[in-house]
Amino acid sequence: MSTRLPTLAVVGATGAVGTVMLDILSTRENVWGEIRLVASPRSAGKLLTVRGEEVAVQALAPEVFDGVDVAMFDVPDEVSKEWAPVAAARGAVVVDNSGAFRMDDDVPLVVPEVNAEQVRNRPRGIISNPNCTTLSMIVAVGALHRAYGLTELVVSSYQAASGAGQQGIDTLYDQIAKVAADRTLGTRAGDVRAAVGELGPFPAPLALNVVPWAGSLKDDGWSSEELKVRNESRKILGLPDLRVSATCVRVPVVTTHSLAVHATFSTEVDADEARRLLASSPGVVVQDDPANAEFPTPADVVGTDPTWVGRIRRSLDDPRSLDLFLCGDNLRKGAALNTAQIAELLAAEFTAG
Ligand SMILES: NC(=O)c1ccc[n+]([C@@H]2O[C@H](COP(=O)([O-])OP(=O)(O)OC[C@H]3O[C@@H](n4cnc5c(N)ncnc54)[C@H](OP(=O)(O)O)[C@@H]3O)[C@@H](O)[C@H]2O)c1
């Protein structure tokens, strides 16, 4: 039996997700031998800290995957599309955070609390990590589905700026700095838009505003983000005909996505029972005491690992439906943490020899 610890490559180590990944790799139980950090040639030679050690970033090239057992990809879709197969051809198992392969039939889409067994079903040597909006609700929704049998989801998201990467974070802080001093702003149509100037990756001002848009325009007015919530929820839960309607909205929060979810099941539900069931589910925390202002908010949840659930109510008009409010850190469980959990399942395979 081999006792060699597996070698890991983190591709995109300098980005918003990559930065959180280095923190997660430094704080979770260490299951890795060598950790290689990789980014674009722009970052080559830059020193980043992981597990308390400074490691020099390498430019993405085929040779960086030589001897690598697991390669995490936290890079834009087009970079994953080109380079994940290169890493796989050199013998690495790829865990990809981008949207490049998520809906491919021969690539599993894995959330360890929901469908860990799919990790072994990887004919191309590639495993996909779901998008951050789906991930911020699916652990809790999956637990409810196992108990009650899900038939429909109606979702409204309240998505953080960091879902649009480091550029999204920078844009929100820049806009807040521009509007902070002027207490007349937000009183006349267009005054905030004129004050913030640069919109960055968002189609409207984000400071002092909400923006009913995330992603790119798809058929019939749907956004790519809304279709991801539908398609990825169906694939992860193994429910190809699940009815899903999502409206994705960007809010002026740095990190942590929130979702209001109306979930309908095949049997009648009870709010207290659902609360108990969620509270005993791995990766879920229930915070639900509105009389004492106890419910999850992004400002309180950011930086934590679980999916937080509150405002659990049975629908007044349908005894088979629950209404919930959920928060999840989009850079942790919504991206880096889920990838790290998948990679740890792989590390256990390698360590078992
Ligand atoms: N932000 C979220 O909430 C979130 C959640 C789930 C999934 N994701 C996905 O995770 C991926 C990374 O997102 P992010 O928000 O971390 O983006 P980001 O902050 O823009 O970081 C992008 C990373 O990719 C690297 N990169 C870009 N072009 C490259 C190239 N040609 N060759 C090698 N490396 C290259 C960058 O390296 P340099 O620094 O050298 O340019 C950087 O490390 C995306 O696919 C995104 O859709 C994001």
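Atoms within each ligand, like the ligands themselves, are counted from 1 in listed order.
Atom 15 (O) of ligand 1 has G165 CA, 3.1 Å as its closest protein atom, hydrogens excluded (heavy atom only). In terms of protein heavy atoms, atom 34 (N) of ligand 1 is closest to S40 N, 3.2 Å. In this structure, the protein non-hydrogen atom closest to atom 39 (O) of ligand 1 is T14 OG1, 2.5 Å.
Between N330 and S162, the side chains place a donor N or O and an acceptor N or O closer than 3.5 Å (distance only, hydrogens not considered). For the 3.5 Å distance criterion, the side chains of Q159 and T133 qualify, holding a donor opposite an acceptor.
Listed by number with element, the atoms of ligand 1 under 4.0 angstrom from any heavy atom of L331 are 1 (N), 2 (C), 3 (O). Taking a cut-off of under 4.0 Å to the non-hydrogen atoms of R42, the atoms of ligand 1 that pass are 27 (C), 28 (N), 41 (O). Near G334, with a cut-off below 4.0 Å to any heavy atom, the atoms of ligand 1 are 5 (C), 6 (C).
The salt bridge (charged side-chain N to carboxylate O under 4.0 Å, His left out) search around E226 returns none, not counting sequence neighbours. Qualifying side-chain contact (heavy atoms from CB on, under 4.5 Å) partners for D323, counting only residues two or more places apart in sequence or in other chains: H262, R313, S315.
Of the polar atoms of N330, at least one N or O is found under 3.5 Å from an N or O of ligand 1, judged by distance alone. When only interatomic distances are considered, the shortest N/O to N/O separation between G15 and ligand 1 falls below 3.5 Å.
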Between I342 and N129, is the side chain to side chain contact (heavy atoms under 4.5 Å, CB included) condition met? List the steps. CA-CA 8 Å; I342 296 171; N129 196 66; 3.7 Å; yes

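When the options T134, L60, V17, V79 are ranked by their closest heavy atom to atom 31 (N) of ligand 1, first place goes to V79. Of the listed residues (P41, A16, A39), the one carrying the non-hydrogen atom nearest atom 19 (O) of ligand 1 is A16. When the heavy-atom distances from atom 45 (O) of ligand 1 to N97, D74, V75 are ranked, the shortest goes to V75. With atom 26 (N) of ligand 1 as the reference point, the heavy atom nearest to it among A335, S98, S80, P76 is part of P76. Compare S43, P130, G12 by their heavy atoms: the one nearest to atom 40 (O) of ligand 1 is in S43.
For Q166, heavy-atom contacts with ligand 1 shorter than 4.0 Å involve the backbone as well as the side chain. Under 4.0 angstrom from ligand 1, the non-hydrogen atoms of S162 all belong to its backbone. Using a 4.0 Å cut-off between heavy atoms, L135 makes no contact with ligand 1 at all.
Annotation: side chain of L277 is not in contact with side chain of R146 (no heavy-atom distance under 4.5 Å). Using a 4.5 Å heavy-atom threshold, the side chains of N115 and V110 count as touching.
Under the side-chain contact (heavy atoms from CB on, under 4.5 Å) test applied with V95, the options V70, L345, L8 reduce to a single match, V70.
In this structure, I127 CD1 and M72 CE are separated by 11.0 Å, a value rounded to the nearest 0.5 Å. Of the inter-residue distances, the one linking D104 atom CG with R124 atom CZ reads 5.0 Å to the nearest 0.5 angstrom.
For atom 5 (C) of ligand 1, a protein heavy-atom neighbour is present inside the 4.0 Å cut-off.
By the 30° and 60° cut-offs, the orientation of the rings of F73 relative to F65 is parallel.
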